[in-house]
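Lettering follows sequence order; numbering is per chain, from 1. A quick note: this is a predicted structure, and the numbers were derived from the prediction, not measured.
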Amino acid sequence: MQKKPLNFIESIIEDDLSNNKHQQIYTRFPPEPNGYLHIGHAKSICLNFGLSENYKGKCNLRFDDTNPVKEDVEYVESIKEDIKWLGFNWEDEVKFTSNYFDKLYNFAIKLIKSGDAYVCELNAEQLRKYRGTPTEPGKESPWRNRDVAESLTLFEGMKNGDFDEGKYLLRAKIDMASPNMHMRDPILYRIRFANHHRTGNTWKIYPMYDFAHGQSDYFEGITHSVCTLEFEVHRPLYDWFIDKLADSEYRPQQIEFARLNLTYTVMSKRKLLELVESNFVNGWDDPRMPTISGFRRRGYTPESIRNFSDKIGVAKRDGFIDVALLEHSIREDLNKKADRVMGVLNPLKVIIDNYPEDSEEYLDAVNNPEDESRGKRKVPFSKELFIEQEDFMENPPRKFFRLGIGREVRLRYAYFIKCTHVEKDDAGNVTKVHCTYDPASKGGKSPDGRKVKGTMHWVSAKHAIRSEIRLYDRLFSVENPQADKEKDFKGFINENSLEVNKIAMLEPHLKTAKSGEQFQFERKGYFCVDKDSSLDNLIFNRTVTLRDSWAKIKNS
RNA sequence: UGUCCCGUGGUGUAAUUGGCAACACGUCUGAUUUUGGUUCAGAAGAGUCCAAGUUCGAGCCUUGGCGGGACAACCA
């Protein structure tokens with residue numbers, strides 16, 4: 001057995017462990033509770049929790065809840081649910097940055113006292129001007145050298161709610177000329193009269209993310225603070241804070257990796273929120289959304305997402321993962337797990353002219369050829385059947401192996417049938433296909449050994465149950481909807497990303513299928529029962545189609 | 001005209017004291033098949049952004065270019 005090559009983060013960890021820098025690793029997943037988790041977060045979750053699993057360490061779930069105006073308990077609940085669903089467990093109880101508000105406040109006071117922070121009165125616009133640009137140095141605030149005592153008093157007042165929002169700020173005193181914008185006297189605290197989902201109205205001031213994040217890692221004893229690339233330039237600032245705070249050699253080590261981009265979708269919470277709010281989709285868990293809850297409702301399994309996460313790897317260069325790899329991951333998983341059934345999406349009536357009028361019989365069908373333990377079931381057969389419209393052609397092209405006049409095919413698990421003639425409507429559309437069957441071919445084998453090219457799925461007309469089927473396609477019509485700087489990403493939405501089919505006919509076995517249950521509709525794809533489904537209105541979501549080499553031939 | 005990060009098949013990741021580039025997805029053949037699925041066998045596809053240098057030998061080291069990305073929210 002060959003050892004799987006390490007990614008660069010694992011290499012760092014193995015070095016740290018073998019050098020005894022750490023005896024045990026401690027990671028964390030630190031979402032802000034301001035939206036639902038998406039597949040990009042899943043990558044980070046699998047990484048952080050996976051690392052702690054593989055190296056026998058620990059991993060915290062910590063909500064970075066420093067901005068009460070955007071955050072909500074609804075989101076903390078959904079995030080917890082998603083992580084559990086993926087199969088991960090956090091260490092101890094859930095952590096919140098708001099747990100550290102006191103510590104952070106005391107640290108801020110320490111910084112004021114040591115002359116490393118001051119209360120500033122610049123307004124938003126002035127602040128922007130004073131900050132400079134990436135290529136031009138900033139200017140020092142007129143309040144920068146205010147008395148320590150005065151800053152202390154003012155900061156106390158800010159905390160007590162004595163001042164209006166925006167009136168004062170606490171800023172670190174670092175270097176307004178730094179080539180790194182984040183070092184130009186960053187804001188530590190701002191006044192906010194907002195109700196915090198956990199601390200209520202206790203606080204009138206809230207720490208900025210940059211002032212809270214690194215220290216929270218430090219408070220929790222995190223050894224490896226894994227985050228995405230955009231925080232790379234923040235690292236010197238976090239290190240600056242920790243140097244002021246630390247009383248030992250211990251430092252959390254921040255390591256940045258490239259966030260996940262997937263083709264034909266968008267991955268920012270802001271954009272996903274926009275899709276939800278403008279009703280392009282039906283909520284955060286719409287099966288077209290790249291959210292974890294969306295994939296769950298679509299029928300993706302936790303295993304498929306974890307395997308996907310393994311396969312995409314971890315690196316610092318950012319790129320786009322082909323959505324085909326995700327689709328491969330779910331097919332791979334469902335191929336082993338999903339029971340096969342027969343369902344006709346676009347029914348075409350077939351009449352077996354030589355089959356006895358009122359007769360019916362139950363035929364054996366294998367539930368899952370990949371898993372014998374799943375056993376067999378009975379499928380009813382009778383004189384009138386439905387087949388898929390696209391499985392019949394009057395003038396079939398070369399390489400078409402299905403039914404046509406004079407052709408013989410196999411009905412899966414049933415009989416060989418041969419088409420004799422068709423009926424048409426006034427418009428010339430085929431409405432009924434007449435066939436004869438070979439009674440000797442029961443079960444799908446012909447005793448004389450003759451072969452047929454095609455095997456088709458079918459349902460017995462009088463036994464079939466009708467169902468609603470939601471067919472999903474990619475949400476966007478281009479690989480990268482954000483590539484165009486001029487045009488808004490919503491302009492690239494695929495108008496046909498949802499097709500609701502209400503004419504599908506399924507084998508009766510599915511009548512009692514429960515919400516969340518997954519099946520392979522033979523030759524059509526993987527489907528799961530939607531949460532909106534009920535006994536009198538069965539609803540299936542198509543998770544993904546099967547690979548389809550005929551479609552490729554047909555389209556070329 | 002700043003600081004930091006990154007350039008390996010179509011896509012994503014490997015190549016761990018420097019030894020003529022591997023795996024996965026995708027693509028294309030063929031075999032098997034009661035799913036045009038699965039499975040199996042095979043093929044094409046990069047000479048590692050460019051240039052110079054060190055070396056017997058460079059994707060790995062050095063230098064200089066070029067290209068891409070991040071950073072100017074009282075967001076995270």
Which of the following nucleotides, B/A70, B/G36, B/U35, is nearest to the side chain of A/Pro369?
-> B/U35
Does the aromatic ring of A/Phe320 sit over the six-membered base ring of B/G12, closer than 5.5 Å centre to centre and tilted less than 30°?
-> no
CZ of A/Arg317 versus P of B/A14: gap in Å, rounded?
-> 7 Å
Of the nucleotides B/C6, B/A76, B/G36, which has the atom closest to the A/Phe401 side chain?
-> B/G36
Determine the interplanar angle of the A/Phe476 and A/Phe489 rings, folded into 0 to 90°, and report it as parallel if under 30°, tilted if 30 to 60°, perpendicular if over 60°.
-> tilted
Which of these nucleotides, B/C71, B/G36, B/U11, is closest to any side-chain atom of A/Val233?
-> B/C71
For B/U38, take OP1 and OP2 only and decide whether either is under 4.0 Å from a side-chain N or O of A/Arg547.
-> yes
A/Arg340 (side chain) donor-acceptor with A/Val366 (main chain) under 3.5 angstrom | no
Backbone N/O of A/Val323 and side chain of A/Thr263: donor-acceptor pair under 3.5 Å | yes
Rounding to a whole Å, what distance do you find between A/Asp310:CG and B/G12:C1'?
-> 13 Å
Does the B/U1 base have a donor-acceptor partner in the side chain of A/Glu136 within less than 3.5 Å?
-> no
Which of parallel (below 30°), tilted (30 to 60°) and perpendicular (above 60°) describes A/His196 and A/Tyr206?
-> parallel
Quick one, which residues of residues 188-198 of chain A touch RNA chain B with a heavy atom under 4.0 Å?
-> A/Arg190, A/Arg192
Rounding to a whole Å, what distance do you find between A/Asp318:CG and B/G12:P?
-> 10 Å
Base, sugar-phosphate, or nothing for A/Met208, non-hydrogen atoms under 4.0 angstrom?
-> sugar-phosphate
Proximal nucleotide (of B/U35, B/A24, B/C71) relative to the A/Met181 side chain | B/C71
Give one of base, sugar-phosphate or nothing for A/Lys524, where a contact means two heavy atoms less than 4.0 Å apart.
-> nothing
Indicate, with a heavy-atom threshold strictly under 4.0 Å, whether A/Arg412 touches base, sugar-phosphate, or nothing.
-> base
Within-4.5 Å side-chain heavy-atom neighbours: A/Arg235 and A/Glu256 = yes
Give the nucleotide from the list B/A24, B/C74, B/U13 with an atom nearest to the side chain of A/Ala315.
-> B/U13
Closest to the side chain of A/His328, out of B/C25, B/G36, B/U27, is B/C25
Please tell me which of the listed nucleotides, B/C4, B/G12, B/G36, lies nearest to the side chain of A/Ser549?
-> B/G36
Look at all strands and tell whether A/Leu334 reaches a base, only sugar-phosphate, or nothing, counting heavy atoms closer than 4.0 Å.
-> nothing
Is there a donor-acceptor pair under 3.5 Å between the side chain of A/His38 and the backbone N or O of A/Met267?
-> yes
d(CD, A/Glu327; P, B/G37) in whole Å = 16 Å
May I ask you to evaluate whether A/Thr66 reaches the phosphate of B/A76, defined as a side-chain N or O under 4.0 Å from OP1 or OP2?
-> yes
Separation of B/A76 P from A/Leu229 CG (nearest whole Å) = 20 Å
Is a donor on one side and an acceptor on the other found under 3.5 Å between the side chain of A/Asn261 and the backbone of A/Gly319?
-> yes
Re B/C23: Watson-Crick or G-U wobble partner, both distances kept under 3.5 Å, found to be B/G12
Can you tell me how far C1' in B/G45 sits from the matching atom in B/C28, rounded to whole Å?
-> 11 Å
Show your working on ring pair (Phe, Tyr, Trp, His ring centres under 6.0 Å) between A/Tyr36 and A/Tyr75 and close with a plain yes or no.
-> CA-CA 6 Å; A/Tyr36 282 68; A/Tyr75 298 122; 5.7 Å; yes
Roughly, in whole Å, what's the span from NZ in A/Lys129 to C1' in B/C74?
-> 17 Å
Base-pairing assignment for B/A58 (Watson-Crick or G-U wobble, both under 3.5 Å) | none
Give, ordered by number, those residues of residues 255-269 of chain A having at least one heavy-atom distance below 4.0 Å to an atom of RNA chain B; if nothing qualifies, reply none.
-> none
Taking B/C74, B/G36, B/A73 as options, the one with an atom nearest any side-chain atom of A/Arg128 is B/A73
Closest to the A/Glu71 side chain, choosing from B/G36, B/G37, B/A76 | B/A76
Minimum-distance nucleotide to A/Asn67 side chain [options: B/C71, B/G36, B/A76] | B/A76
To the nearest angstrom, the CZ-P distance between A/Phe163 and B/C74 comes to 20 Å
Do A/Tyr189 and A/Tyr168 make the cut of ring centroids closer than 6.0 angstrom?
-> no
Watson-Crick or G-U counterpart of B/C71, or none if no pair lies under 3.5 Å = B/G2
What is the distance, rounded to the nearest whole Å, between atom CG of A/Asp185 and atom P of B/C74?
-> 13 Å
Got more than 12 heavy atoms from elsewhere within 6.0 Å of NZ, A/Lys376?
-> no
Out of A/Gln215, A/Arg62, A/Lys95, which one pairs with A/Glu220 under the side chain to side chain donor-acceptor pair (under 3.5 Å) rule?
-> A/Arg62
